Participant: 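This is the structure, below, for whatever I ask next.
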Number of protein chains: 2
Amino acid sequence: MSYVTLEDIARQVHKSVATVSQVLNGKDGNGIRVGKETREKILKVSRELNYRPNYNARQLVTKGTKVIGLLIPDIMQMFFNEVTYHLSRRLSTAGYDLLLAHSYEDPVPEKREIETILSRRVDGIVVAPACGKENIPLFKEISDSGVPLVLMDRYFSGESFYSVTTDDVQGSYELFKHIVSRGAGRIAFISGNPDTSVTMERLEGYRLALEEAGIPYRGDLVIKSGYFQKDGYERAKTLIQSGKIQECDAVSGVNDSVALGILEALWEAGLKVPEDILVSGYGDERFSGYLGCPLTTVRQPASEVADRTYSLLMDVIKGRDVLTKDIKVSCSLRIRESTDGS
Amino acid sequence: MSYVTLEDIARQVHKSVATVSQVLNGKDGNGIRVGKETREKILKVSRELNYRPNYNARQLVTKGTKVIGLLIPDIMQMFFNEVTYHLSRRLSTAGYDLLLAHSYEDPVPEKREIETILSRRVDGIVVAPACGKENIPLFKEISDSGVPLVLMDRYFSGESFYSVTTDDVQGSYELFKHIVSRGAGRIAFISGNPDTSVTMERLEGYRLALEEAGIPYRGDLVIKSGYFQKDGYERAKTLIQSGKIQECDAVSGVNDSVALGILEALWEAGLKVPEDILVSGYGDERFSGYLGCPLTTVRQPASEVADRTYSLLMDVIKGRDVLTKDIKVSCSLRIRESTDGS
DNA sequence: TTGAAAGCGCTAACAC
DNA sequence: GTGTTAGCGCTTTCAA
């Protein structure tokens, strides 16, 4: 329960705490400062005693913790799962630890978590903001106060935070261009909250693709909902029950979970995908390629997002010049059976 | 970059640091100790200044960090993903933060991560040990030294650590009982390292089920391999090429990833599941129910494992009496098409 | 080549 | 009600 301290070692080797500290930090220019004998004795004793430096005490004087805070809505979402994995990997090779916190898509816990992360004096913070703008002032405050902050996956338009996001306008545009090319002109889009950058961008890609094809935008086919499987299921069911499904050549979900719900509802109603109707998602979840009817979707490059986030964060931490404050990485289309009759 | 300190506040309100500390910790019995006016002034100023206590400084005197270290092989594995999610949730409601680290199934980074976690003076550690016994002495040392440690998902037989694991003997037994009941007597089992508790237990369930059915155990049908999709693929392919597949009624993977590889290989060879041969996995990955041929598998209750781990850890931390040092939670069979012709 | 001393931000015991 | 003091474990001048 009680750890060995520098003083314990110092006492054993009859040297001062300062000397022990020097040796154990390798800051003595490797033997220039401390005598070979004492250094070896110190090393030996510290090993025998299982000395483990107290990083908390250290931060008090060095001002650094070598900890990065990561705040995400939900690690069960494939994309965040992957990003966390890759970011953790990067960070640990660079000697950083990862403090992981969840916002559950809710600004209230988000704020609370940010506060405790700051109280731990992390060297930097990565956050994938929860939907909603409530915490923008907080993000501003902390980045103004000089704490390295990088937004990930989502951003706030009009604000100038460091951010790494996927180019969902491009991804979505390509997706819908493909669907249109399959002969589908009337495409229902079950989307999330249009306040969030995620929904906004995917909707924009939808709009662009239709416009380019000369297909009029029909507001009644764009259905606001949530981001979960049940949301897709319920909205699709409504579409079916109201008979509006007859007017649709395709139904798209704002993400793969929603698309999975859509598939369920369609199957339940005896509709065949892709024969009767096309379906698509977004995000390329782990299950998407293995569904009874493999799902056409857009792959967001999680590992690239993690890498870019890492580099950007390090640039900010080290005070290096940053060329682009908001980095966008592009997505790639995954065409599968759900939109591909052939 | 520089944070507000108690002293900054003290100076502004013309009170001592001690008083400010009292107020901000709510340790003054709510006004008993500190005057109403001063308390309010302190609260106000601390808010204005965006005061955020330095938890590192605090730990130096209180000896507590309110941080729990979690060390897992790989968060991309569904089971660890879920456990992390639920554990994080539990911990944050209890006011703890989560320090997440990866071992990548390798004892070397595992040891390194343990060391830095300890140097951060966490209040407790949860680890799902990497395969291999190399770090048992380390685990012993830290738990002997009084640091609350709970092993999760995997344990070391013969050692007396606190642990929460799934009862894979039972899960596996039920799985193979089911397969035998489907008329399959000759079951190939593509397993991992029999040194690990995971493989050992699943193999034991296999053995038990066969024994019960009076089916002789055939060593040549138990194939040692790894834990990944490619391992299942390669071993199944060997089985096919050697013609031994003819002697098998079923092929089982030590987990779902391996089973997925098996399916691939079988399909590639033109074999039909479950008509020609049965297949099963273990772990109920997210994709397993949605495969072209939905996979029979065993569900490990991640959220229950997380809950039990949390409770056990808290018991250890608070020094409460613990009734069972090694908790086992039971698994449930998920019968799907891959073993169910009907 | 080494040590003394100061100080990081905070809490807790005790005195006033 | 409030302040003084000591000390947590460490790093970092500066002096010897």
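In what follows, chains carry the letters A, B, and so on, assigned in the order in which the sequence lines appear, proteins first and then strands, with residues in each chain numbered from 1. Every value quoted in this text rests on a predicted model; they were computed, and no experiment measured them.
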Participant: So for atom NZ, which belongs to K133(A), do other residues, nucleotides or ligands contribute more than 12 heavy atoms lying within a distance under 6.0 Å?
Facilitator: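 It does: K133(A) NZ has more than 12 such atoms within range.
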Participant: Please report, rounded to the nearest Å, how far the C1' atom of dT2(D) is from the CD atom of E37(B).
Facilitator: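 Result: 14 Å.
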Participant: Between T38(A) and dT2(C), does any side-chain N or O lie under 4.0 Å from OP1 or OP2?
Facilitator: yes
Participant: Please give me every residue in residues 42-57 of chain A whose heavy atoms get under 4.0 Å of an atom in DNA chain D, ordered by residue number.
Facilitator: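 Hits under 4.0 Å, by residue number: Y51(A), P53(A), N54(A), A57(A).
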Participant: For the residue pair R52(B) and Y3(B), would you count it as a cation-pi contact if the rule is NZ or CZ under 6.0 angstrom from the ring centre and within 45 degrees of the ring axis?
Facilitator: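 Checked: cation-pi criterion not met.
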Participant: Does a salt bridge link D97(A) with R120(B), judged by any charged N lying under 4.0 Å from a carboxylate O?
Facilitator: yes
Participant: Atom CZ of R11(A) to atom P of dT2(C): distance rounded to whole Å?
Facilitator: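 For the pair R11(A) CZ and dT2(C) P, the rounded distance is 19 Å.
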Participant: What integer distance in Å separates K63(A):NZ from dG7(C):P?
Facilitator: 13 Å
Participant: Could you tell me how far apart E7(A) (CD) and dA5(C) (P) are, to the nearest whole angstrom?
Facilitator: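 Nearest whole value for this atom pair: 14 Å.
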Participant: Please determine, for the side chain of L6(B), which listed nucleotide (dG3(C), dC10(D), dT11(C)) has the closest atom?
Facilitator: dT11(C)
Participant: With a distance cut-off below 6.0 Å to the six-membered ring centre and an angular limit of 45° from the axis, does R90(B) pair with Y85(B) as a cation-pi contact?
Facilitator: no
Participant: Rounded off to whole Å, could you give me the CG-to-P distance for the L24(A) and dT12(D) pair?
Facilitator: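 In whole Å, dT12(D) P lies 14 Å from L24(A) CG.
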Participant: OP1 or OP2 of dG3(C) sitting under 4.0 Å from any side-chain N/O of T19(A)?
Facilitator: yes
Participant: Among dT4(D), dT11(D), dG3(C), which is the nearest nucleotide to the side chain of V17(A)?
Facilitator: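 Nearest listed nucleotide: dT11(D).
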Participant: How many whole angstroms separate atom CG of D8(A) from atom P of dG9(D)?
Facilitator: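 Taking atom P of dG9(D) as the reference, CG of D8(A) is at 8 Å.
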Participant: Is the shortest side-chain N/O distance from S21(A) to OP1 or OP2 of dC10(D) below 4.0 Å?
Facilitator: no
Participant: Kindly compute the distance separating CG (L99(B)) from CG (L70(B)), expressed to the nearest 0.5 Å.
Facilitator: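 CG of L70(B) is found 9.0 Å from CG of L99(B).
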Participant: Return the nearest nucleotide to the side chain of R58(B); candidates are dC8(C), dT11(C), dT2(C).
Facilitator: dT11(C)
Participant: Would you say T5(A) reaches dG9(D)'s phosphate, i.e. side-chain N/O to OP1/OP2 under 4.0 Å?
Facilitator: no
Participant: By nearest atom, which of the nucleotides dA12(C), dA5(C), dT2(C) is closest to the T62(B) side chain?
Facilitator: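 For T62(B), the side-chain atoms sit closest to dA12(C).
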Participant: Once you round to the nearest 0.5 Å, how far does CG of L118(B) lie from CD of E141(B)?
Facilitator: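 It is 8.0 Å, given to the nearest 0.5 Å.
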Participant: Please report, rounded to the nearest Å, how far the C1' atom of dC8(D) is from the CZ atom of R121(B).
Facilitator: 12 Å
Participant: If I take atom CD in residue Q59(B) and atom P in nucleotide dT11(C), what distance separates them, rounded to the nearest angstrom?
Facilitator: 12 Å
Participant: Among side-chain atoms of T116(A) and S119(A), is any donor-acceptor pair under 3.5 angstrom?
Facilitator: no
Participant: Compare the minimum distances between each of dC8(C), dT11(C), dT2(C) and the side chain of L60(A), then state the nucleotide with the smallest one.
Facilitator: dC8(C)
